[in-house]
Amino acid sequence: MIKENLAYVENEIQRACQNCGRAREDVTLIAVSKTKPVSDLREAYDLGIRVFGENKVQELVDKYEALPKDIRWHMIGHLQRNKVKYIIDKVDLIHSVDSVRLAETIEKEAAKRNIVVNVLLEVNVAREESKFGLMPEELDDFTARISGFTHIRVKGLMTIAPFVENAEENRPIFERLRKLSVDIKGENVDNNTVCILSMGMTNDYCVAVEEGATMIRVGTGIFGARDYTLSGEVH
Ligand SMILES: *Cc1c(COP(=O)(O)O)cnc(C)c1O
């Protein structure tokens, strides 16, 4: 089933790219594998997928250990400061920086290891109370406050759009994130080379691509519905 799903998603991405005159290479598909067994990830890997997204630190570390080392792991979920140290040298990109304190911890842990960590700033464009992320008006101040952090590179912005019936409803959200990224780019802050826009999930990635997404995060569309009853968590 993963094979057919991937073929379908790939086809949809290409169609969306054609709709707006973008090149397929400009959009990175992140296979969101949270809650899924290693065997599913292995199947996707064998089909050519190399970028996986996880939202829990322990799960990411376990899968990192179990799977080939040429995989690029993306941390897409809310990150607690005391867990930064476990993933900092394992992830290619952290999508979910949403507080100065978290950025400080990443800076400190990265400095210890003498590495530079690529991050995105998560923006709560839709202003949903249930979601993490900076408010759009907080962004300027935020980038200024972390501009001296030499072990963090701000590569772009990320947003989680609301769950909607019709993906078109999220088009203004994606458009807004793109505009915010243009504004930030104009600021010329030292450690920021904003060019990544991480937006779009299973229900709305085509619209996100049309609005300029350079990374889309697709879980259900590739791996099928998630079963949270196993972990006992409520989502
Ligand atoms: C789970 C998750 C996704 C994938 O969601 P689907 O609707 O299954 O594609 C994308 N982004 C984030 C941050 C997630 O937590």
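Any value given below was found using the heavy atoms of this structure, including those in side chains, with hydrogens, waters and symmetry copies removed. We count ligands from 1, going down the list as the structure has it; atoms in each ligand are counted the same way.
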What distance do R50 atom CZ and I30 atom CD1 have between them, rounded to the nearest 0.5 Å? 15.5 Å
Please give the N or O to N or O pairs under 3.5 Å between ligand 1 and the protein, distances rounded to 0.1 Å.
| from | atom 1 | to | atom 2 | distance (Å) |
| --- | --- | --- | --- | --- |
| ligand 1 | 8 (O) | T220 | N | 2.8 |
| ligand 1 | 8 (O) | T220 | OG1 | 2.5 |
| ligand 1 | 8 (O) | R226 | NH1 | 2.8 |
| ligand 1 | 8 (O) | R226 | NH2 | 3.1 |
| ligand 1 | 9 (O) | T202 | N | 3.0 |
| ligand 1 | 9 (O) | T202 | OG1 | 2.4 |
| ligand 1 | 9 (O) | G219 | N | 2.8 |
| ligand 1 | 11 (N) | R217 | NE | 2.8 |
| ligand 1 | 15 (O) | K34 | NZ | 2.6 |

Run the salt-bridge test on E175 and K179 with the 4.0 Å N-O cut-off and return the result as yes or no. yes
Could you give the side-chain donor-acceptor pairs of residues 60-67 under 3.5 Å, partners two or more places apart or in another chain?
| from | atom 1 | to | atom 2 | distance (Å) |
| --- | --- | --- | --- | --- |
| D62 | OD1 | Q58 | NE2 | 3.0 |
| K63 | NZ | S33 | O | 2.9 |
| K63 | NZ | K36 | O | 2.9 |
| K63 | NZ | E54 | OE2 | 2.8 |
| K63 | NZ | E59 | OE2 | 2.7 |

Just grab all the salt bridge (charged side-chain N to carboxylate O under 4.0 Å, His left out) pairs involving residues 161-170, residues at least two apart or on different chains. E168-R171
Between R22 and E211, is there a side-chain N and carboxylate O pair less than 4.0 Å apart? no
Ring pair (Phe, Tyr, Trp, His ring centres under 6.0 Å): which pairs involve residues 74-126, sequence neighbours left out? H74-H95, H78-F132
